Amino acid sequence: MAIPWALKPSSKNVVADYHQWVKTHYKLHNRNPCLCNWFPLRILVEFAAEHGVRLKLIYWPGSASTTGGRRAWNTKKELVHDSHGGKFNSKIAYRRKVESTVTARMIGTLNTSAILKAEARVGDLLLRDLTASFWHIELITDITGNVITTEAGSTPAVVPKNHKEVYGDTLTDGRKLYENKPRRWDFTSICSGA
């Protein structure tokens with residue numbers, strides 16, 4: 001059976017481990033051009049591989065062209081990319097598959113939960129539902145007092161470290177924030193043993 005990374009006994013607090021890891025490691029993964037969904041997925045997969053955590057990311061079947069082609073999904077059918085389900089023989093294979101199929105909308109609606117702004121930590125996400133088929137996602141990379149800084153990819157691909165946003169009292173830049181709250185990976189659903 002294919003195994004993308006070795007599994008380890010699960011930590012009692014995967015959420016705290018994730019937030020601490022992102023603080024010290026996100027800069028290792030923000031230097032290459034990427035689409036907006038790639039950056040937070042890359043961070044999550046790298047964390048999971050280093051900590052020996054099994055991932056099960058939910059997605060809808062369909063197509064997600066970023067070059068003007070068809071963007072449509074069967075939202076009535078939820079499928080799972082299971083890192084250790086036997087289909088992926090490397091971390092890169094798993095990461096590329098989720099980057100190509102788990103869109104920002106799927107991250108927001110299927111794989112994360114809303115949190116209060118006061119609960120936000122480095123590694124949490126801001127999602128914007130721009131249209132039914134185009135969403136945008138930003139990874140929180142710094143919180144200093146009431147100021148939140150994010151980095152993100154985009155369409156076309158950009159380098160996240162060069163694509164920063166800074167937010168003060170409000171988490172909006174004129175674009176609607178999905179459910180008006182930051183989001184956190186739903187670790188109890190997407191991480192085995194969390």
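Quick caveat: nothing in here was measured; it's all calculated off a predicted structure.
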Which heavy-atom pair separates [X] from [Y] by the least distance, and what is that distance?
X	Y	result
A120	I140	CB-CD1, 4.1 Å
H29	F39	O-CE1, 3.4 Å
K117	G168	NZ-O, 2.6 Å
S154	H163	CB-CE1, 3.9 Å

Side-chain touch [X]/[Y], heavy atoms, less than 4.5 angstrom:
X	Y	result
T150	L139	no
R183	D124	no
E99	V45	no
V122	H19	no
W185	L125	yes
F47	V22	no
L55	C191	yes
E151	K161	yes

Quick check: is [Y] connected to [X] through a chain of hydrophobic side chains (ILVMFWY, heavy atoms under 4.5 Å apart)?
X	Y	answer
I58	I43	yes
V15	I115	no
V159	L41	no
W21	I190	yes

Review point. Run the side-chain contact (heavy atoms from CB on, under 4.5 Å) check on E78 and V80 step by step: do they pass?
Key: CA-CA 7 Å; E78 293 182 3; V80 176; over 6 Å; no
Checking the side chain of [X] only, and the main-chain atoms of [Y] only, is there a donor and an acceptor separated by less than 3.5 Å?
X	Y	value
S90	A93	yes
Y18	G123	yes
H81	L57	no
D186	L110	no
K8	E50	yes
N111	M106	yes

Revision key, fill the gap. Tested for side-chain contact (heavy atoms from CB on, under 4.5 Å) against P40, the lone hit among I137, L127, T112 is I137
Check your understanding: Residues two or more places apart in sequence or in another chain: which of them pass side-chain contact (heavy atoms from CB on, under 4.5 Å) with A157?
Key -> P33, L35
Revision key, fill the gap. Residues passing the side-chain contact (heavy atoms from CB on, under 4.5 Å) test with K77, sequence neighbours excluded, are P61, N74, L79
Check your understanding: Pairs in or reaching into residues 11-29: which pass salt bridge (charged side-chain N to carboxylate O under 4.0 Å, His left out), with residues at least two apart or in two chains?
Key -> none
Distance (rounded to the nearest 0.5 Å) between [X] [atom1] and [Y] [atom2]:
X	Y	atom1	atom2	value
Y178	T109	OH	OG1	5.5 Å
K97	S83	NZ	OG	14.5 Å
R42	C34	CZ	SG	5.5 Å
Y167	T149	OH	OG1	10.0 Å

Check your understanding: Do the ring planes of W73 and W60 sit parallel (below 30°), tilted (30 to 60°) or perpendicular (above 60°)?
Key -> tilted
Practice item. Check the angle between the aromatic planes of W5 and H84 and answer parallel, tilted or perpendicular using the 30° and 60° thresholds. Key: perpendicular
Exercise for review: Please assess F187 against L44 for the test side-chain contact (heavy atoms from CB on, under 4.5 Å), listing each intermediate value before the final yes or no.
Suggested key: CA-CA 10 Å; F187 290 97; L44 180 66; 4.3 Å; yes
Exercise for review: Give the C-alpha distance, both sets of side-chain angles, the deciding distance and a yes or no for side-chain contact (heavy atoms from CB on, under 4.5 Å) between E46 and H25.
Suggested key: CA-CA 9 Å; E46 293 295 333; H25 289 79; over 6 Å; no
Practice item. Evaluate side-chain contact (heavy atoms from CB on, under 4.5 Å) for R54 paired with D82, printing each intermediate quantity in order. Key: CA-CA 7 Å; R54 181 179 191 160; D82 182 347; 2.6 Å; yes
